[in-house]
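To start, the structure itself, in structure tokens.
The residues of the chain are indexed from 1 along the displayed sequence.
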Amino acid sequence: MGRGGEGAPGPGPGPGPGRACSSPLVLPGAAAAAPTSPRGWAEALAAAAGALQAGGLVAVPTDTVYGVACLAQDPRAVRSIYGLKGRNGRKPLAICLGDVEHIYRYCHVNVPDELLRDLLPGPVTLVLKRSEELNKDLNPFTSEFQDLWPQLSLVIDGGPVGDVQSPECRLGSTVVDLSVSGKYTIIRPGCALQSTVEILRQKYGLVPESS
């Protein structure tokens, strides 16, 4: 899944890429009065999967803020993300994967598997060298959402995301480049800078690339 356009939405199920989203699909537990329901989660997952597979764009909650997602392997959907946000084509998108094992399919990994599992899942985005499996059209150059609803197929409303008591939660994920063996580069400090650097330096002995 490709992800772009971080912010904070509101909602809406819309049954396909050509249908405008007008109201949110609220996740169980997102509202104070809404009980957690496995059936509700299954409904949300099915709606999101259907919209994505149809080439649509879906607003979803993440570990930090809301983002707009599409299928990373769908070139047309990726172009829709850039068009929706008016995003510079040279500014890369992050991809979201279901499990750490999937990273090895789309990236060349030169850090210990344990390091990946220490950081993921969580509010961290890793930069690695891409593999041939990744869509060549993706990153070839290697109240925020409501106005976008008409152009989305679905918005998943998960309520407030991140630590709402901390202003740092609005900084998005910490982005770290691990493409050089034994070194790291912080591209964006984000909301998990201190804990990420502690893991990289103290546990794995990585040093800043500028050193």
Side-chain angles (χ1 to χ4, degrees), residues 1-6 45 48-49 52-53 55-82 84-85 87-142 161-162 171-211:
M1 182 172 72
R3 188 182 76 187
E6 295 181 339
L45 289 172
L52 291 170
Q53 289 169 358
L57 307 182
V58 178
V60 294
T62 73
D63 294 276
T64 53
V65 293
Y66 279 81
V68 178
C70 73
L71 286 186
Q73 297 296 81
D74 183 336
R76 184 176 179 181
V78 169
R79 289 194 293 271
S80 294
I81 287 269
Y82 279 99
L84 174 73
K85 299 295 293 182
R87 191 183 182 98
N88 186 322
R90 292 178 177 271
K91 186 175 181 181
L93 298 174
I95 63 171
C96 301
L97 301 170
D99 203 296
V100 168
E101 281 84 3
H102 299 159
I103 296 175
Y104 294 90
R105 177 179 176 183
Y106 298 107
C107 303
H108 294 295
V109 179
N110 57 3
V111 296
D113 185 77
E114 186 181 0
L115 187 158
L116 299 178
R117 296 179 186 278
D118 278 340
L119 297 177
L120 304 172
V124 179
T125 299
L126 303 181
V127 177
L128 300 165
K129 292 182 179 179
R130 61 188 297 142
S131 76
E132 293 301 313
E133 287 284 328
L134 191 61
N135 175 12
K136 291 180 174 58
D137 290 328
L138 179 68
N139 304 337
F141 307 105
T142 288
V161 293
L171 297 177
S173 61
T174 295
V175 181
V176 55
D177 186 343
L178 297 177
S179 61
V180 178
S181 296
K183 298 185 178 183
Y184 71 90
T185 299
I186 300 297
I187 296 177
R188 183 176 69 189
C191 65
L193 177 63
Q194 182 175 349
S195 59
T196 300
V197 170
E198 286 178 357
I199 289 173
L200 296 176
R201 301 194 72 163
Q202 297 177 14
K203 187 170 182 178
Y204 294 96
L206 273 64
V207 297
E209 188 171 2
S210 57
S211 298

Within this structure, what is the [atom1]-[atom2] distance for the pair [X] and [Y], rounded to the nearest 0.5 Å?
X	Y	atom1	atom2	answer
Ile95	Ile103	CD1	CD1	8.5 Å
Ile186	Glu209	CD1	CD	11.5 Å
Ser181	Leu206	OG	CG	9.0 Å
Leu119	Ser173	CG	OG	11.5 Å
Leu93	Cys70	CG	SG	7.0 Å
Arg105	Asp99	CZ	CG	13.5 Å

Can you check whether [X] reaches [Y] side chain to side chain, under 4.5 Å on heavy atoms?
X	Y	answer
Val100	Leu116	yes
Val176	Ile187	no
Leu115	Leu200	yes
Pro75	Lys136	no
Gln73	Leu134	yes

Tell me whether [X] contacts the main-chain N or O of [Y] through its side chain, where contact means a donor paired with an acceptor under 3.5 Å.
X	Y	result
Thr62	Thr64	yes
Arg130	Asn135	yes
Thr174	Pro189	yes
Glu133	Tyr104	no
Ser179	Leu128	no
Tyr204	Glu114	yes

I need the minimum non-hydrogen distance between [X] and [Y], along with the two atoms involved.
X	Y	answer
Ala94	Thr125	CB-CG2, 4.1 Å
Leu178	Leu126	CD1-CD2, 3.9 Å
Ala72	Leu138	CB-CD2, 3.9 Å

Report summary line: In Val207, Val197, Val127, the residue satisfying side-chain contact (heavy atoms from CB on, under 4.5 Å) with Tyr184 is Val197

Query - Heavy-atom neighbours of Glu198 CD exceed 12 at 6.0 Å - result: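 Enclosed: over 12 neighbouring heavy atoms sit under 6.0 Å from CD of Glu198.
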
Query raised in the report: Do any pairs count as a salt bridge (charged side-chain N to carboxylate O under 4.0 Å, His left out) and have a residue in residues 65-82, sequence neighbours left out, and if so which ones?
Result: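 Listed by first then second residue: nothing to list.
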
